[in-house]
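Structure first, commentary second.
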Amino acid sequence: MGKRIQLTTVEDLYQFLTYDDNRYPLVSLHRGGPTSGYPENALETFAYNAGLQPVIVECDVRLSKDSALVLMHDNTLNRTTTGRGSVSERTLAELKNYVC
């Protein structure tokens with residue numbers, strides 16, 4: 001098992017994110033992928049990729065009409081779901097009915 005990363009200050013974080021040719025490079029996953037068979041910006045995708053190698057995951061969170069936090073890259077549902085319109089105009093129950 002690898003060494004556990006412990007960051008306790010902003011300086012620790014800065015040093016961790018600064019390139020150092022004596023370490024493995026940091027891999028950043030924009031929206032969690034792309035990974036064939038896994039949707040973008042989804043917990044399952046993050047977990048799958050984190051199981052392959054250490055990664056930094058960039059994800060996006062939106063707020064639904066009823067104030068639920070939803071993982072969604074776009075402000076609208078149009079590109080990645082069967083829904084249309086703004087995420088913020090739908091309740092969580094409505095959002096759960098759309099297919100990705």
Side-chain angles (χ1 to χ4, degrees):
M1 181 163 224
K3 185 174 118 178
R4 187 170 183 89
I5 299 168
Q6 294 187 9
L7 306 172
T8 57
T9 67
V10 172
E11 180 61 26
D12 290 343
L13 177 62
Y14 178 81
Q15 290 303 317
F16 177 74
L17 296 174
T18 300
Y19 176 77
D20 181 340
D21 57 1
N22 294 316
R23 291 187 312 199
Y24 286 102
L26 298 174
V27 176
S28 176
L29 302 174
H30 179 66
R31 298 186 308 233
T35 302
S36 180
Y38 288 86
E40 72 174 46
N41 214 47
L43 295 176
E44 296 84 354
T45 308
F46 305 157
Y48 174 77
N49 284 304
L52 299 175
Q53 62 191 346
V55 295
I56 296 171
V57 175
E58 176 272 333
C59 66
D60 303 282
V61 179
R62 305 283 175 221
L63 198 60
S64 69
K65 184 177 183 177
D66 54 347
S67 300
L69 298 176
V70 180
L71 285 180
M72 186 72 175
H73 177 71
D74 301 344
N75 288 324
T76 67
L77 302 162
N78 303 20
R79 183 176 65 88
T80 59
T81 77
T82 56
R84 294 290 173 261
S86 175
V87 174
S88 64
E89 295 173 350
R90 305 288 186 274
T91 65
L92 181 59
E94 291 171 320
L95 294 170
K96 287 182 175 184
N97 290 318
Y98 301 126
V99 177
C100 295

Checklist entry - Considering only heavy atoms from C-beta outward, does the side chain of Asp60 approach that of Arg31 to under 4.5 Å? => result yes
Checklist entry - How far apart are the C-alpha atoms of Ser64 and Thr91, what are their side-chain angles, what is the distance that settles it, and do they pass the side-chain contact (heavy atoms from CB on, under 4.5 Å) test? => result CA-CA 5 Å; Ser64 69; Thr91 65; 5.8 Å; no
Checklist entry - Has the side chain of Asp74 got a donor or acceptor atom that lies under 3.5 Å from a matching backbone atom of Thr80? => result no
Checklist entry - So His30 and His73, would you call those rings parallel, tilted or perpendicular, with 30° and 60° as cut-offs? => result perpendicular
Checklist entry - Does any N or O in the side chain of Arg84 come within less than 3.5 Å of the main-chain N or O of Thr76, such that one atom is a donor and the other an acceptor? => result no
Checklist entry - What residues join Leu43 in its hydrophobic cluster, counting side-chain heavy atom gaps under 4.5 Å, either direct or through other members? => result Val27, Leu29, Phe46, Val55, Val57, Val61, Leu63, Leu69, Leu71
Checklist entry - Hey, does the side chain of Thr45 reach the backbone of Pro39 with a donor-acceptor pair shorter than 3.5 angstrom? => result yes
Item to check | Spatial distance of atom CG (Leu17) from atom CG (Leu7) [nearest 0.5 Å] | outcome: 8.0 Å
Checklist entry - Of the non-hydrogen atoms in Arg90 and Glu94, which two are nearest, and what is the gap between them? => result CA-OE1, 3.2 Å
Item to check | Flag side-chain contact, heavy atom, 4.5 Å: Leu77 against Met72 | outcome: yes
Checklist entry - What distance do Arg62 atom CZ and Asn75 atom CG have between them, rounded to the nearest 0.5 Å? => result 4.0 Å
